[in-house]
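Side chains included, hydrogens not; waters and symmetry mates left out as well; all remaining heavy atoms used. Sequence positions, counted from 1, serve as the residue numbers for this chain. Because the structure is a prediction, the values reported are computed rather than measured.
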Amino acid sequence: MLSLNENFTIAFSKASVEPVLLVQIYTATGNPNPHSFCTGNEGMEFSGIYNPFTGGTSGARTVLPLVHAVTPISTMMDPYHRTIAKNSTTVTFANHPYIRKFIKDNRIKARAITVKLGTRDLTNELHWAYVFAGCIENIVPRDDGIDIECSDFYR
């Protein structure tokens, strides 16, 4: 059962809320600082970024608004066990020099990626809700951006 943080619930109860997706890519096993990007027209400041793989937290971080879209996450329900499996998603990044350099300089294929949902009011990343956690399977460059195809850890 999904239990949401109280700050998350309060932020989404406002009439003028703007949902934001936070995409985090973990490029190294022991690196407590994932590379973080968000949707929207402006960046955000976080007081710290939590790494679920190491249990560590980074200091204050700026998140760049370089994510154009995240496809709806395909889901599958097991009627016998009554569980839902989130299988795959595609994250589309902007065709931006920072993203091209990031992909060129880092080995991101087969690395962990998470997608979280929140608002600009939530500056503590722990208050955001997990939407997807998985692994990067493929990188597809396009004229207007770069698609990162991802599948969940169980797939």
Does [X] have any salt bridge (charged side-chain N to carboxylate O under 4.0 Å, His left out) partners at least two apart in sequence or in another chain, and if so, which?
X: Arg142; result: Asp144, Asp147
X: Glu149; result: none
X: Arg100; result: none
X: Lys104; result: none

Review point. So do the side chains of Leu21 and Val67 get within less than 4.5 Å of each other, counting heavy atoms only?
Key: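 Answer no - side chains too far apart.
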Point to revise | Close side-chain approach of Ile113 to Val23, heavy-atom, < 4.5 Å | key: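 A side-chain contact under 4.5 Å exists here.
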Quick one: closest heavy-atom pair of [X] and [Y], and the distance?
X: Phe132; Y: Cys150; result: CE2-CB, 3.8 Å
X: Val20; Y: Trp128; result: O-CZ3, 3.3 Å
X: Gly40; Y: Glu18; result: CA-OE2, 4.3 Å
X: Leu122; Y: Phe46; result: O-CE2, 3.5 Å
X: Leu66; Y: Tyr98; result: CD1-CD2, 3.8 Å
X: Tyr26; Y: Pro34; result: CE2-CB, 3.3 Å

**Study point:** Worked check of side-chain hydrogen bond (donor to acceptor under 3.5 Å, both in side chains) between Thr89 and Thr71
**Key:** CA-CA 6 Å; Thr89 190; Thr71 61; 3.3 Å; yes
Could you give the distance from [atom1] ([X]) to [atom2] ([Y]), rounded to the nearest 0.5 Å?
X: Ile99; Y: Thr92; atom1: CD1; atom2: OG1; value: 11.5 Å
X: Ile139; Y: Ile146; atom1: CD1; atom2: CD1; value: 8.5 Å
X: Thr123; Y: Met44; atom1: OG1; atom2: CE; value: 8.0 Å
X: Glu42; Y: Leu64; atom1: CD; atom2: CG; value: 12.5 Å

Check your understanding: With no hydrogens and no angle check, is any side-chain donor or acceptor of Ser36 less than 3.5 Å from a backbone partner on Gln24?
Key -> no
Check your understanding: Do the side chain of Asn124 and the main chain of Ser47 share a donor and acceptor less than 3.5 angstrom apart?
Key ->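 No, because the side chain of Asn124 does not come within donor-acceptor range (under 3.5 Å) of the backbone of Ser47.
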Point to revise | Partners passing ring pair (Phe, Tyr, Trp, His ring centres under 6.0 Å) against Phe102 (at least two apart in sequence or in another chain) | key: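 Here the qualifying residues are His35, Phe37.
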Point to revise | Non-neighbouring partners of Thr39 that pass side-chain hydrogen bond (donor to acceptor under 3.5 Å, both in side chains), sequence neighbours left out | key: none
Point to revise | Residues, nucleotides or ligands: over 12 heavy atoms within 6.0 Å of Glu6 CD | key: no
